[in-house]
Protein chains: 2
Amino acid sequence: MVEVICTVDVVLLTIRDDTLMTALIEREHAPFAGQYALPGGYIHAEEDADVHASAMRVIAGKAGIVPPYLEQLATLSGPGRDPRGWSLSIAHYALVPCEIIENAVGSQVHLLPVDRLPALPFDHARIIGMAADRLRNKSQYSSLPCFLAGDTFTLPQLQRIYEIVLGEKLNKVSFRRKVTEMDMLEPVEGCFESAGAHRPAQLYALKSSSRSKLMLLERGL
Amino acid sequence: MVEVICTVDVVLLTIRDDTLMTALIEREHAPFAGQYALPGGYIHAEEDADVHASAMRVIAGKAGIVPPYLEQLATLSGPGRDPRGWSLSIAHYALVPCEIIENAVGSQVHLLPVDRLPALPFDHARIIGMAADRLRNKSQYSSLPCFLAGDTFTLPQLQRIYEIVLGEKLNKVSFRRKVTEMDMLEPVEGCFESAGAHRPAQLYALKSSSRSKLMLLERGL
DNA sequence: TCAATAGTGTCTCTAAGACATTATGTT
DNA sequence: AACATAATGTCTTAGAGACACTATTGA
């Protein structure tokens with residue numbers, strides 16, 4: 001039986017400069033050595049508990065971080081996507097606040113806007129498109145974008161994150177109604193963020209229950 | 001490097017007797033020979049164009065059919081799920097009208113209700129659960145359940161299919177408004193289905209554009 | 001003529017968005 | 001005091017569900 005090449009790839013998504021960005025690394029080895037590409041690598045059957053663990057290991061190795069959210073996206077396959085032979089990549093996407101990427105030690109990543117990418121090897125452009133689509137779709141009815149925010153944030157900041165991900169302005173009153181409905185935040189008592197000559201905003205943190213599971217809405221935003 | 005076992009599994013879903021059912025086959029070979037399990041098999045790198053093609057080949061071989069809808073579900077993996085070693089299964093689900101299964105030649109499948117299954121080998125029970133969840137979720141806002149209906153059907157029949165999948169009664173007026181909004185059906189002119197001592201119902205068929213892509217709703221049913 | 005379901009018109013109630021108002025900080 | 005943004009109250013409008021009424025067949 002012809003051997004199948006088994007790999008994982010990870011689309012690390014973050015927001016910087018009010019823009020959705022993805023982490024790319026310069027490939028060290030052939031094929032496509034020297035080109036920007038998604039962090040990825042072979043599945044190590046002798047050490048990985050499953051492909052989720054493979055993806056975590058790859059991110060830790062290449063970006064030096066442990067992302068707060070990691071989900072499987074799809075499995076891409078076929079004889080033509082990798083010049084080494086019939087290959088299969090279990091694509092994942094991860095969400096992470098950009099400070100964590102920038103503070104990581106030994107990180108080799110470069111952040112680039114998802115909608116202004118250079119030509120990429122393999123089917124990585126398509127995988128990034130799928131990741132952005134999945135994020136956009138799930139953000140319509142869930143607390144998913146919270147994983148792009150830091151430990152604490154204000155409601156206006158969170159709304160801005162949703163707007164960047166969804167690509168549209170949101171109604172402030174409706175947004176706050178929905179956030180309340182999802183019941184995922186708790187105010188950090190007595191903590192406010194002052195950002196100029198105006199009333200400061202209440203800081204919030206994710207409830208611990210919402211750090212491990214997504215909160216969903218019956219009807220979208 | 002330790003070899004990874006690469007397989008595909010398919011959850012074939014259909015509705016019979018007003019119940020969501022899945023197709024199981026009696027395994028011919030070890031492990032678990034003789035037990036009911038999902039149709040599945042190895043990826044054949046020398047002949048399959050990708051894992052979608054692997055899944056289609058498996059369904060054609062075991063159930064003798066070409067399903068109108070087939071989608072990738074998730075990739076399950078790890079050292080413990082298959083006694084033969086570290087394995088990876090790209091799980092798919094397919095939707096098909098039950099007449100197609102029952103009329104298939106050389107089909108080895110048995111239809112069983114998804115919520116009254118016997119103990120199954122591997123992680124097949126979990127895969128079937130994921131498939132039913134995915135179908136239920138997508139059915140809330142798309143035309144997906146149409147692939148469980150035959151070539152022509154009445155609106156009351158389609159509403160019944162949605163109700164079985166979603167597990168709840170639907171409002172007739174709202175359902176018809178949504179079907180109109182999705183703009184996926186065209187009436188079969190002059191064709192009605194009489195089912196007793198009452199007004200017969202108009203027959204509809206999927207528009208050709210809706211046979212290849214899903215129609216989506218802004219807000220769910 | 002009655003029974004039964006198909007199909008449609010319309011009213012009510014809920015929820016989303018628009019707009020206005022109040023709150024609270026900095027300059 | 002002026003100003004800018006946070007936060008919230010309220011009105012308008014759109015959509016979902018409830019209900020009722022008409023349509024059309026077989027018994």
Side-chain angles (χ1 to χ4, degrees), chain A residues 18 139-143 146 149-150 152-164 166-205 215-221, chain B residues 18 139-143 145-146 149-150 152-205 215-221:
Chain A
D18 278 0
S139 298
Q140 285 169 354
Y141 58 88
S142 81
S143 58
C146 294
T152 63
F153 46 84
T154 68
L155 290 184
Q157 287 169 349
L158 185 62
Q159 182 171 347
R160 187 82 194 102
I161 291 175
Y162 269 87
E163 288 173 344
I164 291 164
L166 296 173
E168 61 182 0
K169 276 275 171 196
L170 295 177
N171 180 284
K172 182 169 64 166
V173 179
S174 295
F175 179 75
R176 281 160 185 258
R177 272 196 292 243
K178 291 300 187 177
V179 168
T180 304
E181 190 185 326
M182 282 194 273
D183 191 32
M184 60 193 178
L185 302 183
E186 50 192 6
V188 184
E189 292 303 339
C191 291
F192 297 86
E193 176 138 318
S194 303
H198 56 82
R199 176 173 174 179
Q202 173 72 53
L203 277 171
Y204 290 86
M215 303 306 278
L216 302 176
L217 289 168
E218 195 74 24
R219 284 166 291 282
L221 284 173
Chain B
D18 277 1
S139 298
Q140 285 169 354
Y141 58 89
S142 80
S143 57
C146 292
T152 64
F153 46 85
T154 68
L155 291 185
Q157 286 169 348
L158 185 62
Q159 180 171 348
R160 188 81 195 104
I161 290 175
Y162 268 87
E163 287 173 343
I164 292 164
V165 168
L166 295 173
E168 61 182 0
K169 277 274 172 197
L170 295 176
N171 180 287
K172 182 171 62 167
V173 179
S174 295
F175 178 76
R176 282 159 184 257
R177 270 195 292 245
K178 292 298 188 179
V179 168
T180 304
E181 191 186 324
M182 283 195 273
D183 189 33
M184 61 193 179
L185 303 182
E186 50 191 8
V188 185
E189 293 302 341
C191 290
F192 298 86
E193 176 139 321
S194 302
H198 56 81
R199 177 173 173 178
Q202 174 71 54
L203 277 171
Y204 291 85
M215 303 307 278
L216 303 175
L217 288 168
E218 196 73 24
R219 283 166 293 281
L221 284 172

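Labels below follow one simple rule: chain letters A, B, ... track the order of the sequence lines, proteins then strands, and each chain is numbered from 1.
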Atom CG of L185(A) and atom C1' of dA6(D) are separated, to the nearest Å, by 16 Å
Considering only heavy side-chain atoms of A197(B), the closest of dC19(C), dT10(C), dG26(D) is dG26(D)
### Message
Using OP1 and OP2 only, check whether a side-chain N or O of R176(B) sits under 4.0 Å from dG7(C).
### Response
yes
Below 4.0 angstrom from OP1 or OP2 of dG17(C), is there any side-chain N or O of S174(A)? yes
When you compare the side chain of P156(A) with that of Q159(A), does any pair of heavy atoms fall below 4.5 Å?
no
### Message
Below the 4.0 Å mark, does dA16(D) have OP1 or OP2 next to a side-chain nitrogen or oxygen of N171(B)?
### Response
no
SG of C146(A) to CG of L158(A), rounded to nearest 0.5 Å, is 5.0 Å
K172(B) NZ to dG9(C) P, in whole Å, measures 13 Å
> So what does R177(B) touch, heavy atoms closer than 4.0 Å: a base, only the sugar-phosphate, or nothing?
Replying inline: base
Rounded to whole Å, CG of L155(A) lies from C1' of dA6(D) at a distance of 9 Å
Closest of dA4(D), dG7(C), dA16(D) to the H198(A) side chain is dA4(D)
Residue pairs passing the side chain to side chain donor-acceptor pair (under 3.5 Å) test with at least one member in residues 178-197 of chain B, sequence neighbours excluded, are Q157(B)-E193(B), D183(B)-K207(B)
E193(B) CD to dA6(C) C1', in whole Å, measures 12 Å
Does Q202(A) form a side-chain contact (heavy atoms from CB on, under 4.5 Å) with L155(A)? I'd like the steps, not just the answer.
CA-CA 8 Å; Q202(A) 173 72 53; L155(A) 290 184; over 6 Å; no
Discussion item. dA16(C), OP1 or OP2 - any side-chain N/O from K178(A) closer than 4.0 Å?
Written reply: yes
Practice task
Ignoring backbone atoms, establish whether R199(A) has a side-chain N or O less than 4.0 Å from OP1 or OP2 of dA7(D).
Solution key: no
Taking dT10(D), dG7(C), dT25(D) as options, the one with an atom nearest any side-chain atom of P200(B) is dT25(D)
To the nearest angstrom, the CZ-C1' distance between F175(A) and dA15(C) comes to 17 Å
Atom CD of E218(B) and atom C1' of dG17(C) are separated, to the nearest Å, by 14 Å
When rounded to whole Å, the CG to C1' distance for the pair L158(A) and dA7(D) reads 15 Å
Per atom distances to the V173(B) side chain, the nearest of dT10(C), dA6(C), dT5(D) is dT10(C)
From CZ of F192(A) across to C1' of dA23(C) the rounded distance in Å is 11 Å
dist L217(B):CG -> M182(B):CE (nearest 0.5 Å) comes out at 4.5 Å
